[in-house]
Amino acid sequence: MDRRRFLENGMYGLAGMAFSGVSVEKLFARDNDPLRIGMIGFGSRGSGVASIMKNIPNLSLVAYCDIIKQQMHAAETLFPNAVGYRDYRKLLNSSSIEAVYIALPEHLHFVAATEALEAGKHVYLEKTMTHTPEEADQLVDLAGRYPKSVLQIGHQYRYYQLYHKVFEVIRGGFIGDVKQYECQYNRNSNWRRPVSDPSLERQINWRMYKEYSGGLMTELCAHQVDILNWFNRSHPLSVVAMGGIDYWQDGRETFDNIRAVYAYPNGVKASVTSILSNSYNGYSIRVLGTKGTIEIQRTKAFAFPEVRSTELTTVDGVTGATAESWGQGKPMELEFQNQDDQNRDPTAYALMDFITCVKEGKRPFSNVETGREVAKSVLLANRAAESETMQYWA
């Protein structure tokens, strides 16, 4: 592939810099009409996102809600001028609030999103979108009845330019024919949060219990499954998986390890692993091509040549490195540039585009339909592991 063809094929990646179809300048413009948003759920994720919100143009957190006293106090400290609620329905009744960010436990996502849409709010809903496949289908149908309300799902890596650069390189054919992916999201911890009052155990550590969460697949691996679905332009057709509670014997119900293999319509097989007993290389996605491999880390990606090849004469158009260095088998870091000059958290870029979608009436890149595909994919993996049988997309 010559440089000219590469640039033509790379236009998809460049277009991704303004996901909703507006210019980068407009995305970061400040005006006197910020989006007034309420945070529903101020636990670990909600409080973290709220801190990010403080530095985002055109966004004003004006209300928050939580049922746990300590988390309400944390919200009041961080946003002393915002209004606090113990019942999110009262927050939804406020006409001054245009949008809500839902960071509740997974089993409450569907109900809260439904009530928010019915209240006329724009909704940013954390992943995984729903707790059951049936809820995912129902939420797609419900969102269709409120076309003027934006519903964005919290798969923030779709808004991080690193992944657009990787997709650009894959589409350009620089690592050859890709038929395999290897994904891991590993930690070496019990994944628990401290609980001062034992009566709050299931509220604080809801990720440990099947009633409230799909565990590792829905809380961690869902991010990578979303990338797999995006890159393969489809949901998987089937999945096999195994998991268990084999290390942390502490009363949890969700697995402390799981390994799944997805099969996609294009012949791609993708393994997805998450364990809580070893953190070597923590987070990574390896894209295995016939001419090379791309390894995606947290904030970087590297290309590794498979063999020396004189055909790869335009690698410099992708990475800034020379074709000669690629032929010598040296890994090269992929160069990319975020939407601005700041190295923001991917969630910040996702929120910026959420603002644009609300103001411009655009459809989010991470929307209710892509969210449904991820939810069903990870929930199928859990079902495969629990039943010890292959599961098929229905």
Side-chain angles (χ1 to χ4, degrees), residues 19-20 22 27 34-66 75 78-79 82 85 88-89 91-92 94 96-106 108-131 135-136 139-140 142-143 146-160 218-219 222-223 226 339 344-372 374-375:
F19 305 99
S20 55
V22 299
L27 182 65
L35 179 67
R36 297 170 61 83
I37 195 167
M39 175 68 71
I40 299 178
F42 215 86
S44 58
R45 178 59 178 169
S47 60
V49 173
S51 297
I52 293 172
M53 287 180 175
K54 293 175 73 72
N55 297 312
I56 294 180
N58 279 341
L59 184 65
S60 176
L61 193 148
V62 298
Y64 54 84
C65 176
D66 206 287
L78 192 60
F79 295 92
Y85 297 87
Y88 73 79
R89 295 171 182 85
L91 183 153
L92 293 177
S94 173
S96 65
I97 298 172
E98 302 171 80
V100 293
Y101 191 112
I102 299 174
L104 293 170
E106 180 185 296
L108 297 174
H109 284 188
F110 174 73
V111 173
T114 296
E115 294 180 346
L117 289 172
E118 291 174 345
K121 309 301 183 186
H122 302 288
V123 179
Y124 190 113
L125 176 62
E126 262 300 341
K127 65 92 191 83
T128 291
M129 190 175 84
T130 59
H131 191 46
E135 289 176 341
L139 191 54
V140 169
L142 178 70
Y146 297 92
K148 293 184 179 181
S149 293
V150 172
L151 174 54
Q152 183 167 320
I153 310 304
H155 292 290
Q156 64 268 20
Y157 294 119
R158 281 182 175 249
Y159 298 87
Y160 195 41
T218 61
E219 295 302 319
H223 286 301
D226 180 55
Q339 295 91 314
R344 299 177 188 262
D345 186 282
T347 299
Y349 296 114
L351 284 168
M352 289 175 182
D353 202 59
F354 177 65
I355 297 168
T356 299
C357 288
V358 170
K359 291 184 176 294
E360 302 293 331
K362 304 292 185 178
R363 179 178 175 81
F365 186 31
S366 179
N367 53 65
V368 68
E369 292 183 354
T370 62
R372 171 172 61 178
V374 177

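The first residue of the sequence shown is numbered 1, and numbering continues consecutively from there. Worth saying up front: this structure is predicted, and the values here are computed from it rather than measured.
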Got a second to check how far [X]'s [atom1] is from [Y]'s [atom2], nearest 0.5 Å?
{"X": "Glu360", "Y": "Asp353", "atom1": "CD", "atom2": "CG", "result": "10.5 Å"}
{"X": "Ile153", "Y": "Leu125", "atom1": "CD1", "atom2": "CG", "result": "4.5 Å"}
{"X": "Phe110", "Y": "Thr114", "atom1": "CZ", "atom2": "OG1", "result": "3.5 Å"}
{"X": "Thr356", "Y": "Leu35", "atom1": "OG1", "atom2": "CG", "result": "10.0 Å"}
{"X": "His155", "Y": "Met129", "atom1": "NE2", "atom2": "CE", "result": "8.5 Å"}
{"X": "Arg158", "Y": "Gln152", "atom1": "CZ", "atom2": "CD", "result": "10.5 Å"}

Can you see whether Phe79 has Lys54 sitting over its ring - NZ or CZ less than 6.0 Å from the centre and within 45° of the normal?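 Yes, cation above the ring, under 6.0 Å and within 45°.
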What's the verdict on side-chain contact (heavy atoms from CB on, under 4.5 Å) for Glu219 and Lys127, showing C-alpha distance, side-chain angles and the deciding distance? CA-CA 7 Å; Glu219 295 302 319; Lys127 65 92 191 83; 4.0 Å; yes
Step by step, work out the side-chain contact (heavy atoms from CB on, under 4.5 Å) result for Tyr157 and Asp226. CA-CA 9 Å; Tyr157 294 119; Asp226 180 55; 6.0 Å; no
Leu104 vs Val111, test: side-chain contact (heavy atoms from CB on, under 4.5 Å). Steps then yes/no. CA-CA 10 Å; Leu104 293 170; Val111 173; over 6 Å; no
Name the atoms and distances for all side-chain donor-acceptor pairs under 3.5 Å in residues 39-46, with sequence neighbours left out.
{"unit_1": "Ser44", "atom_1": "OG", "unit_2": "Arg193", "atom_2": "NE", "d": "3.3"}
{"unit_1": "Ser44", "atom_1": "OG", "unit_2": "Arg193", "atom_2": "NH2", "d": "3.1"}
{"unit_1": "Arg45", "atom_1": "NE", "unit_2": "Glu126", "atom_2": "OE2", "d": "2.6"}
{"unit_1": "Arg45", "atom_1": "NH2", "unit_2": "Glu126", "atom_2": "OE2", "d": "3.1"}
{"unit_1": "Arg45", "atom_1": "NH2", "unit_2": "Thr347", "atom_2": "OG1", "d": "2.9"}

Do Leu151 and Leu142 have side chains that approach each other closer than 4.5 Å (heavy atoms only, starting at C-beta)?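 No, every pair of side-chain atoms sits at 4.5 Å or beyond.
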Judged by atom type as modelled, is there a donor-acceptor pair below 3.5 Å linking the side chain of Thr370 to the main-chain atoms of Asn367?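 Side chain of Thr370 to backbone of Asn367: a pair is present.
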